[in-house]
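Scroll down for the structure; my scribbles are underneath it.
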Amino acid sequence: MSKNENTNKIYWSQRYLEGKTGWDIGAPSTPHKEYIDQLSNKEISILIPGAGNAYEAEYLHLSGFTNLTVLDISELPLEQLKKRVPSFPETSLICEDFFEHTNTYDLILEQTFFCSFEPTSENRFRYVEKMASLLNPNGKLVGLWFKHLLEVDGGRPFGGSKKEYLSYLSPHFSVEIFEDCYNSIPPRSGNELFGIFKKK
C-alpha cells in the first residue's frame, strides 16, 4: 500500500468512526433508484466505487441484480453493508483504492465520489481516465455531481459547474444526458446534476 493510499484509508475510516458522513442520506438516492428501476438486464456488471454505506448496492441486490461490485478504501462501510444485508456476496465487497482496481464493467454508478477528491485538475482528469478504463466498450457512467460552486476551504464534498465537469468528462465520454436533477431529495434540490455518459 502506498503512503498516499494509506493516508486516504485512515482519513476515510476516521470519518466513518466519527460519524462525519454528511453525504450519507441513509437510503438510495431517488435519481439512482429511478434509474435502476428502468434497467431490464439484471445480469449487467455494475461497479459502485467509493461506495460508502452503499445503499444503492443494497437496493440493486434486493432487486435481483446479480453482478455487483462494491468498492471502498475503508473496510468499515463494507462491514456495515454486510451486517445490513447478510445475503450480499462477500466476494463482491472490495476494500481497495479505486485507482488500483483493474476489472471492467458495463455500468458504474457515481454517488458523491468525484466530489470527494481534492479538486485539482490532475485529480479530476485522473478520475475520468480511470473511470473510462474500468468500463467495457459502450459502458456507462451514471450518477450525480454536486452543482454548487467550488469552495476549496469548505472541504468535502467539492462541487463544480456543469461546464467544468464536461471539460473533464468529454474527452473520454459522450453525453447522453447531463442536466439539473429534477428528482433530487429535498435537501439537495437545485444542487445536483444528473448525468449519463457513454464511454467513447
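It should be emphasised that the depicted structure is a prediction, and the values quoted were computed from it without experimental measurement.
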Q. Relative to Phe99, does Arg126 satisfy both conditions: NZ or CZ under 6.0 angstrom from the six-membered ring centre, and within 45 degrees of the ring's axis?
A. yes
Q. Under 6.0 Å between ring centres, would you say that holds for Tyr165 and Phe197?
A. no
Q) Between Ser92 and Leu68, is there a donor-acceptor pair closer than 3.5 Å when you use the side chain of the first and the backbone of the second? A) yes
**Q.** Counterpart residues, ring pair (Phe, Tyr, Trp, His ring centres under 6.0 Å), relative to Tyr35 (two or more places apart)
**A.** none
Q) Would you call the rings of Phe113 and Phe117 parallel, tilted or perpendicular, where under 30° means parallel and over 60° means perpendicular? A) perpendicular
Q. So, Thr104 versus Asn136: side-chain donor-acceptor pair below 3.5 Å or not?
A. yes
Q | Short side-chain to backbone donor-acceptor contact, Lys140 and Lys199, under 3.5 Å | A | no
(Q) Test of understanding: clusters of I, L, V, M, F, W, Y form through side-chain heavy atoms closer than 4.5 Å, transitively. Do Leu81 and Ile108 belong to the same one? (A) no
Q) Should Leu60 and Ile46 count as side-chain neighbours, where that means a heavy-atom distance under 4.5 Å? A) yes
Q.
Give me the atom names and distance for the closest heavy-atom approach of Asn123 to Thr120.
A. N-OG1, 3.0 Å
Q | Side chain proximity check, Glu56 to Ser29, heavy atoms < 4.5 angstrom | A | yes
Q. For the residue pair Tyr127 and Phe98, does the interplanar ring angle fall in the parallel (under 30°), tilted (30 to 60°) or perpendicular (over 60°) class?
A. tilted
**Q.** Lys130 side chain to His101 backbone, donor-acceptor under 3.5 Å
**A.** yes
Q. Do the side chains of His32 and Leu144 get nearer than 4.5 Å, heavy atoms only?
A. yes
Q) If we ignore angles and hydrogens, is there a donor and acceptor under 3.5 Å between the side chains of Tyr168 and Ser121? A) yes
Q. Pairs in or reaching into residues 108-117: which pass salt bridge (Lys or Arg N to Asp or Glu O under 4.0 Å), with residues at least two apart or in two chains?
A. none
**Q.** Verdict with supporting geometry, Ser87 and His61, side chain to side chain contact (heavy atoms under 4.5 Å, CB included)
**A.** CA-CA 9 Å; Ser87 62; His61 174 69; 2.9 Å; yes
Q) Under the salt bridge (Lys or Arg N to Asp or Glu O under 4.0 Å) rule, what pairs show up with a residue in residues 83-93, not counting sequence neighbours? A) Glu58-Arg84
(Q) For the backbone of Glu176 and the side chain of Lys198, can you confirm whether one donor and one acceptor N or O come within less than 3.5 Å of each other? (A) no
Q) Are the side chain of Lys42 and the backbone of Ser63 linked by a donor-acceptor contact shorter than 3.5 Å? A) yes
Q.
Could you tell me if the side chain of Leu141 sits less than 4.5 Å from the side chain of Leu109, heavy atoms only?
A. no
**Q.** Near-ring test Trp145/Phe194, centroid separation under 6.0 angstrom
**A.** no
Q: Check whether any side-chain heavy atom of Glu96 lies under 4.5 Å from a side-chain heavy atom of Leu71, and answer yes or no.
A: yes
Q. Do Asp106 and Ser45 meet the criterion of a side-chain donor-acceptor pair at a distance under 3.5 Å?
A. yes
